[in-house]
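Residue numbers begin at 1 in each chain, while the letters A, B, ... track the order of the sequences. Atom set for the values below is all heavy atoms of this structure, side chains included, hydrogens, waters and symmetry mates excluded. Here the structure is a predicted model, which means the values were calculated and not measured.
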Amino acid sequence: MSVSSLQPVRGTHDLMPDDSRRHRWVEDTAFAAARRYGFGEIVTPIFEFTEVFSRTLGETSDVVTKEMYTFADRSGDSITLRPEGTAGVARAFISGGMAQSLPLKLFYRGPMFRHERPQKGRLRQFHQVGVELLGVETPQADIEVIALAWRLLSDLGLADKVQLEINTLGDAESRAAYRQTLTAYLSGHVDKLSEDSRNRLERNPLRVLDSKDEGDRRIVENAPAMGDSLTSAAREFFEQVTAGLTALEIPFVVNPRLVRGLDYYCHTAFEFTTTQLGAQGTVLAGGRYDELIATMGGPRTPGIGWAAGVERLSMLVGEPPPPARPIAVIPMGDASAAMVVAERLRRAGLAVELGYSGNMKKRMARANKVNARFAVILGEDEAARGAVTLRDLDGGTQDEVPLASLEDHLGRLS
RNA sequence: GCGGGUGUAGCUCAGUUGGUUAGAGCGCCAGUUUGUGGUACUGGAUGUCGUCGGUUCGAUUCCGAUCACUCGCCCCA
């Protein structure tokens, strides 16, 4: 094993207890919110057959063309570490025959993998929490799913750090019409477009709309708007979504240039963004994907969902709730007696810190460092009386209590 | 995948205009207090100066490559 192999693989990252506590808090807050909206957790494999992703995300998307962790397993099958959650959930929906139990509300969490160049808030193995609501064609689903996202961000204390942007990509008919109109317009300005946008024009013209290039933006300003190409049904759908958000007092701005990267989206597309994470402004994003499951070979089943980056959220949230403060058990002489007492307290449901070595002074210092609330001191004098010394480490006072009723005492105090 | 910046103790960072023993603060360890922590005081340990190679009598310092991190682009959570 070489020295370099002792480093974590580029773009991956260990979470030590303080970090993982924050991480877990974000996930648990998300799941708790999702449960209030009626979502249950689904756990799918972190790898799938490559086609699950390549067929669904769009052959031209960056995720598929250059970011997937794909390898052949020992039987020669092409396997891909999941780059996102929706395709796997859709696959599970089909292979599990879950069309019988619609509507279906699923929450998921876990690692995702994309071979990109790492940056702040952008890793090769990162974590997402996400939800999918399957089987509901009406805007009520869109509203509920976005409301859940807003609830989660509010619960994390991020309501004033994020902004909701929303747009409609229309139905298939609207999109085809708009794509044609837009392509025609942009083709007329090809010589003035940036190189990136000339590429986008061929692969996915909608993405020219959110180009950051100065020159592109001037051209885009005068481009025909998606809104003008919408069918009346698509327009009405979007109006109902925005009306619902207003009714629920969820602040949003309509951004007609908002486009999603993955091909399966239609109708509602939305993003919660922040200005506090540098170039990685998107913290939670999602949209509607009515044709995805049919495209994969399942029964046509409308769906809408979102995913949020746990690392990105973790960088924005404040301190997670502190862990329960332990009781420190400190033996003066007989360490095995201390183990018995510690075990008793642990069985009673208390968090107990029992040191491994050192004199009393060191053990007290250790108790202090782990933020213990009380110290149980097992001294020889007290032991002779069947008692222990219970010290309040915040107040600095201590009392002798009978060993037999130690749990009761501690239970009353905490 | 493309372009810029950075890389010195566990952490945050100074420093060496190339020269013998590389520093601070925090943290860590020990002591002042051999049955009592948090404060204070005293003392101590720590580094192949990211890695490999080049120039040089001599490189942590200059040059190159490489790796990692970081900022931006692409893209995205």
Side-chain angles (χ1 to χ4, degrees), chain A residues 2-13 16 26 30 57-58 60-67 83-86 109-130 149 162 194-197 199-200 203-204 207 210-213 259-262 271-274 277-286 305-316 328 330-333 353 355 358-383 388-398:
Chain A
S2 66
V3 170
S4 69
S5 70
L6 292 177
Q7 304 183 321
V9 173
R10 181 172 209 194
T12 68
H13 178 249
M16 296 306 178
V26 170
L57 304 183
T60 60
S61 72
D62 274 43
V63 170
V64 169
T65 54
K66 53 183 202 196
E67 294 174 0
E84 57 99 47
T86 303
R109 55 174 138 190
M112 305 292 166
F113 306 84
R114 291 182 198 172
H115 191 106
E116 307 183 85
R117 180 138 176 192
Q119 259 178 261
K120 180 177 177 183
R122 191 162 105 184
L123 301 161
R124 288 184 174 181
Q125 176 177 337
F126 59 104
H127 297 78
Q128 289 186 334
V129 292
V162 297
S194 68
E195 195 184 325
D196 283 333
S197 283
N199 275 327
R200 285 189 274 238
R203 288 177 19 193
N204 188 347
R207 275 196 238 160
D210 64 356
S211 171
K212 288 175 189 167
D213 181 86
V259 176
R260 311 261 51 239
L262 308 179
E271 282 186 6
F272 286 85
T273 58
T274 178
L277 290 181
Q280 277 63 244
T282 304
V283 125
L284 182 155
W306 50 254
V310 175
E311 283 82 0
R312 290 185 185 177
L313 290 173
S314 294
M315 286 189 281
L316 294 176
I330 299 178
M332 290 309 307
E353 178 74 16
N359 57 23
M360 180 172 201
K361 183 182 165 67
K362 274 191 216 161
R363 287 172 184 267
M364 286 295 287
R366 172 77 187 163
N368 199 58
K369 190 154 32 181
V370 300
N371 195 30
R373 180 67 185 82
F374 295 99
V376 173
I377 298 164
L378 308 177
E380 285 165 17
D381 299 348
E382 300 94 311
V388 299
T389 295
L390 181 59
R391 181 172 178 83
D392 179 332
L393 293 174
D394 286 352
T397 59
Q398 62 189 44

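When both pairing distances are held under 3.5 Å, B/G64 makes a Watson-Crick or G-U pair with B/C52. Across all strands shown, nothing is found opposite B/U20 as a Watson-Crick or G-U wobble partner with both distances under 3.5 Å.
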Identify each atom pair where a protein N or O and an N or O of nucleotides 44-46 of chain B are less than 3.5 Å apart, giving names and distance.
none

Please tabulate the protein-to-nucleotide N/O contacts below 3.5 Å involving nucleotides 29-32 of chain B, giving atom names and distances.
residue, atom, partner, partner atom, Å
B/A30, OP1, A/Lys362, NZ, 2.7

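Between the base of B/C75 and the side chain of A/Arg122 there is a donor-acceptor pair shorter than 3.5 Å.
At least one side-chain nitrogen or oxygen of A/Arg10 sits closer than 4.0 Å to the OP1 or OP2 atom of B/C69. An OP1 or OP2 oxygen of B/G35 is reached within less than 4.0 angstrom by no side-chain nitrogen or oxygen of A/Arg391. Taking only side-chain nitrogens and oxygens, A/Gln119 comes nearer than 4.0 Å to OP1 or OP2 of B/G72.
Of the candidates B/G4, B/G35, B/G37, the closest approach to any side-chain atom of A/Arg117 belongs to B/G4. For A/Ala285, counting side-chain heavy atoms from C-beta on, the closest listed nucleotide (B/A77, B/G35, B/G37) is B/A77. The side chain of A/Met332 sits closest to B/G35 out of B/U36, B/G37, B/G35.
Between B/G3 and B/U46, the two P atoms lie 43 Å apart (nearest whole Å). Comparing B/G43 with B/G4, their P atoms sit 49 Å apart, to the nearest whole Å.
Taken to the nearest 0.5 Å, the CG atom of A/Leu393 stands 8.0 Å off from the CZ atom of A/Arg373.
For A/Arg122, the salt bridge (charged side-chain N to carboxylate O under 4.0 Å, His left out) partners at least two apart in sequence or on another chain are A/Glu116.
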